[in-house]
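Inspection log for the structure reproduced underneath, given as structure tokens.
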Amino acid sequence: MIVNRKVLTLDEFTIQQLRSIPKATGELSSLLRDIGLAAKRVNVEVNKAGLVDILGDAGTINVQGEDVKKLDVYANNQFLGVLQHGISSAGMGSEELADIVVFNDEISNNSKYVVMIDPLDGSSNIDVNVSIGTIFSVYRRVTEKGTPCNHSDFLQKGTEQVAAGYIIYGSSTMMVYATRRGVNGFTLDPSIGEFTLSHPDIKCPDKGKIYSVNHGNFFKYDEKVRKYINLCQNKTKSDGGPYTQRYIGSMVADVHRNLIKGGIFMYPGTTDKPNGKLRLLYECNPFAFIVSVAGGKATNGKQRILDIQPTELHQRTPLFIGSKLMMEELETYIN
Ligand code: P6P
């Protein structure tokens, strides 16, 4: 007889977690469920994005007579909507918005958290059907409850994150999030329209054989970085290799693969962009938190990503992130 394994939905899992934490108010569980709901709505649009040309490209009027919004903007509005109308968040910062959005209503001003988000990272890959993602970071606000949140609530070190996660819109749609208790992955089951626990207690393998970097920038990297890349290219069976180079150009896809299989992802600074391309608050910090909880490491080449004190919402940082032993070998080159 085939016994149906009880598969937990995201909602059931977050409520189960809530029940196991005596003083939990349920605000974080509610926030994570809100993000899951918005992700399901974004997933629908991302999956038909290839059809937009038929239905009318972004910026035009589609057959329903609706404005066809850029998917980035659509995604941003979905996450903004669920957070603003939820019970857990006092405000939101976004890659799509120049400044934070302070919700400033009575419920929101009494909420515990704020959220930083990249609503649709890598959206230029949609046109060629490459996986893209949403990346988010949750902080406990530092300003007084009952008052509107402000920039100090968002410009916190990555070590202060309460939770962080991403959604990958790929061959299947997955939501992965970390709290200090662990990292768990949920795959969207279209038959019931729910994220279901598919990857419990994710651990990043201490080592792997994948290195991810944009070789097109090779001669713009620091000499120490170039030496490490050469090491990766020359690994043999006797020293943990041979390595393979995998670089999709979509951060969520690249880091997710390395998290599961083991590997190292690098977006170093270059001669023309010494701080690199990736954003600290809503790309590097969330992934640094997730990978660290899973047993990996993340640095900017000089210090842990999580220890960087942010000074502005959209600041960039070089990023090296991945398996613990691979990162430690990298650090012998770049420190
Ligand atoms: P490059 C996508 O545009 C993105 O922000 C990340 O998802 C990705 O890792 C990176 O840029 C790729 O940048 O310069 O290698 O094309």
Side-chain angles (χ1 to χ4, degrees), residues 39 42-43 46 49 58 70-76 79 93-98 116-137 164-171 173-176 204 208 210-222 225-226 228-229 232 244-261 263-291 296 298-301 305 313-323 327 330:
V42 171
N43 182 59
V46 167
K70 277 185 62 176
L71 271 175
D72 295 355
V73 174
Y74 174 83
N76 187 68
F79 289 102
S94 169
E95 196 260 353
E96 288 298 316
L97 302 171
M116 282 300 300
I117 193 164
D118 186 351
L120 207 56
D121 178 72
S123 52
S124 57
N125 289 306
I126 289 177
D127 305 346
V128 291
N129 220 11
V130 165
S131 299
I132 54 176
T134 298
I135 314 164
F136 65 90
S137 185
Y166 58 89
I167 296 95
I168 179 167
Y169 310 97
S171 49
T173 297
M174 266 190 81
M175 176 167 165
V176 176
C204 182
I210 297 171
Y211 75 100
S212 309
V213 69
N214 183 337
H215 271 278
N217 296 328
F218 183 80
F219 292 106
K220 294 181 183 177
Y221 296 145
D222 178 273
V225 173
R226 283 186 273 132
Y228 175 72
I229 293 171
C232 293
T244 186
Q245 205 266 351
R246 287 284 183 275
Y247 191 76
I248 298 172
S250 180
M251 183 184 194
V252 175
D254 278 317
V255 180
H256 175 72
R257 177 202 54 238
N258 292 1
L259 172 67
I260 302 297
K261 292 192 164 185
I264 189 166
F265 173 91
M266 299 172 270
Y267 205 106
T270 54
T271 44
D272 54 337
K273 295 176 183 172
N275 285 324
K277 173 182 183 182
L278 302 179
R279 310 285 187 168
L280 173 62
L281 283 182
Y282 41 80
E283 290 174 336
C284 298
N285 259 341
F287 273 117
F289 183 80
I290 294 161
V291 169
T299 79
N300 65 357
I305 292 289
L313 285 176
H314 301 287
Q315 72 185 73
R316 301 174 195 265
T317 175
L319 175 67
F320 303 86
I321 187 170
S323 295
M327 284 292 295
L330 165 74

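All ligand and atom numbering here is 1-based and tracks the order in the structure.
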Calculate, to the nearest 0.5 Å, the distance between atoms CD1 and CD1 belonging to Ile305 and Ile321 respectively. 7.5 Å

Counting from 1 in the order shown, the ligand 1 atoms closer than 4.0 Å to a non-hydrogen atom of Met251 are 6 (C), 7 (O), 8 (C), 9 (O)

At their closest point, which heavy atom of Ser137 faces which heavy atom of Pro286, and how far apart are they? CB-CG, 4.0 Å

Those atoms of ligand 1 less than 4.0 Å from some heavy atom in Asn214: 1 (P), 14 (O), 15 (O)

Minimum-distance protein heavy atom relative to atom 10 (C) of ligand 1: Lys277 NZ, 3.9 Å

Thr270 and Asn217: side-chain donor and acceptor closer than 3.5 Å? no

Side chains of Phe320 and Thr299, heavy atoms from C-beta outward: is any pair under 4.5 Å? yes

Consider every N or O of Asp254 and every N or O of ligand 1, then say whether any pair is closer than 3.5 Å. no

Is a donor from one side chain sitting under 3.5 angstrom from an acceptor on the other, for Ser94 and Asn76? yes

I want to know if ligand 1 touches Tyr247 in the polar sense, i.e. an N/O pair below 3.5 angstrom. yes

What is the closest protein heavy atom to atom 14 (O) of ligand 1, and at what distance does it sit? Tyr267 OH, 2.6 Å

Where the side chain of Arg279 meets the backbone of His314, is there a donor-acceptor pair that is under 3.5 Å apart? yes

What residue and atom, counting heavy atoms only, is the protein's closest point to atom 7 (O) of ligand 1, and at what distance? Asp121 OD2, 2.5 Å

